[in-house]
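One structure is given here, and the rest of the page talks about it.
Atom set for the values below is all heavy atoms of this structure, side chains included, hydrogens, waters and symmetry mates excluded.
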Amino acid sequence: MSEARLLSLVEALRILPGVGVKSAQRMAFHLLQHDREGAMRLATALDGAVHDIRHCERCHTFTEHTLCDVCADPERDANVLCIVETPADQSALERTGSYKGLYFVLMGRLSPLDGVGVRDIGVGPLLERIEREPAAEVILATSFTAEGEATAHVIGEALKARGITVSRLARGVPAGSELEYVDLSTIAHALADRR
């Protein structure tokens, strides 16, 4: 495999998370051998997304407009702000259909071991937004990893210092699961946060 364009395609596919050299080669060979039309659709979709999708000026999620559909919706409850790490997290919450407030997307989480600090995620813009548009409650919906917990703690402390009511997503035993198969940390948190 010495062709420059093929090597370039394989390297381009490797930027996707979890895709190594062999997976990238399989994808490249599949697209070129079996689905050239699909490859063209993929190229067109990527080109359009890169050129047309930007960050919402209010919440920082992805959108093709100045404001995303959620921020532009006058029916949303502006008194409640949910902070998430990524647009994928926001999308997951939206799919539940149970949250009707607004969002702020950090575009990351604190990870000191990886050199990601407060200035590297959207904490500054979040605090600026809170100054401009105070919320009655802020829900911290970061992940329950060590990094997500650290992110929630730092943001929570900054917001509490400004007199804002801060809550955190509840954690517990997933619906439909059996206790014997649930990890011990989840059981411990479910006990501590029982209601």
Exercise for review: Would you kindly confirm whether Leu42 and Val19 end up in one hydrophobic cluster when ILVMFWY residues are joined by side chain heavy atoms under 4.5 Å apart?
Suggested key: no
Practice item. Could you tell me whether the side chain of Cys59 reaches within less than 4.5 Å of the side chain of Arg129, counting heavy atoms only? Key: yes
Exercise for review: Before giving the answer on side chain to side chain contact (heavy atoms under 4.5 Å, CB included), spell out for Leu126 and Leu81 the whole-Å C-alpha distance, their side-chain angles and the decisive distance to 0.1 Å.
Suggested key: CA-CA 10 Å; Leu126 167 65; Leu81 182 66; 4.0 Å; yes
Practice item. Kindly indicate, with the supporting measurements, whether the criterion side chain to side chain contact (heavy atoms under 4.5 Å, CB included) is fulfilled by Leu169 and Phe144. Key: CA-CA 9 Å; Leu169 279 186; Phe144 291 107; 4.1 Å; yes
**Study point:** Heavy atoms of other groups near Glu37 CD, more than 12 under 6.0 Å
**Key:** no
Check your understanding: With the 4.5 Å side-chain cut-off for hydrophobic clustering, are Met40 and Leu13 part of the same group?
Key -> no
Check your understanding: Quick one: does Glu85's side chain get under 4.5 Å of Glu147's, heavy atoms only?
Key -> no
**Study point:** Heavy atoms from other residues, nucleotides or ligands near CG of Asp69 exceed 12 (cutoff 6.0 Å)
**Key:** no
Check your understanding: Any donor-acceptor pair under 3.5 Å linking the side chain of Ser8 with the backbone of Ala4?
Key -> no
**Study point:** Met107-Ile53 co-clustered via ILVMFWY side chain contacts under 4.5 Å
**Key:** yes
Review point. Side chains of Asp89 and Thr86: do they bring a donor and an acceptor to under 3.5 Å?
Key: yes
Solution key, residues 113-121 side-chain donor-acceptor pairs under 3.5 Å, sequence neighbours excluded:
residue : atom : partner : partner atom : Å
Asp114  : OD2  : Ser111  : OG           : 2.8
Asp120  : OD2  : Gly117  : N            : 2.7

Review point. CZ of Arg132 to CD of Glu128: how many Å apart, nearest 0.5 Å?
Key: 6.5 Å
Exercise for review: Check Ser167 against Glu137 and note the closest heavy-atom contact, atom names and distance.
Suggested key: OG-OE2, 2.6 Å
Point to revise | Side chain to side chain, Gln90 and His60, heavy atoms closer than 4.5 Å | key: no
Check your understanding: Do Leu32 and Met27 belong together in a cluster built from hydrophobic side chains that touch within less than 4.5 Å?
Key -> yes
Check your understanding: Should the heavy atoms of other residues, nucleotides or ligands under 6.0 Å from NE2 of His30 be counted, would the total exceed 12?
Key -> yes
Review point. If only atom types and distance count, is the side chain of Lys100 paired as donor or acceptor with the main-chain N or O of Gly97 below 3.5 Å?
Key: yes
Check your understanding: What is the minimum heavy-atom distance between Ala24 and Arg14, and which atoms define it?
Key -> CB-CG, 3.6 Å
Check your understanding: Among side-chain atoms of Ser23 and Arg26, is any donor-acceptor pair under 3.5 angstrom?
Key -> yes
Check your understanding: Which heavy-atom pair separates Ala150 from Leu110 by the least distance, and what is that distance?
Key -> O-CD1, 3.9 Å
Practice item. Please report the shortest heavy-atom distance between Val21 and Val10, naming the atom on each side. Key: O-CG1, 4.3 Å
Exercise for review: Report yes or no: does Arg54 contribute a side-chain atom to a donor-acceptor pair with the main-chain N or O of Glu64 at less than 3.5 Å?
Suggested key: yes
Check your understanding: Considering residues, nucleotides and ligands other than Arg5, do more than 12 of their heavy atoms fall under 6.0 Å from its CZ?
Key -> no
Check your understanding: Does a side-chain heavy-atom distance below 4.5 Å link Ile155 with Leu106?
Key -> yes
Study note, to complete from the structure: Between Ala141 and Leu93, the two heavy atoms sitting closest are CB-CD1, 4.2 Å
Study note, to complete from the structure: Here the gap from Ile83 atom CD1 to Tyr103 atom OH, rounded to the nearest 0.5 Å, amounts to 12.5 Å
Review point. Just checking, any donor-acceptor pair under 3.5 angstrom between side chains of Arg109 and Thr142?
Key: no
Practice item. Is it possible for you to say whether Leu102 and Leu67 belong to one hydrophobic cluster, with membership spreading through side-chain heavy-atom contacts below 4.5 Å? Key: no
**Study point:** Nearest non-hydrogen partners of Arg76 and Tyr99, listed with the distance
**Key:** NH2-O, 3.2 Å
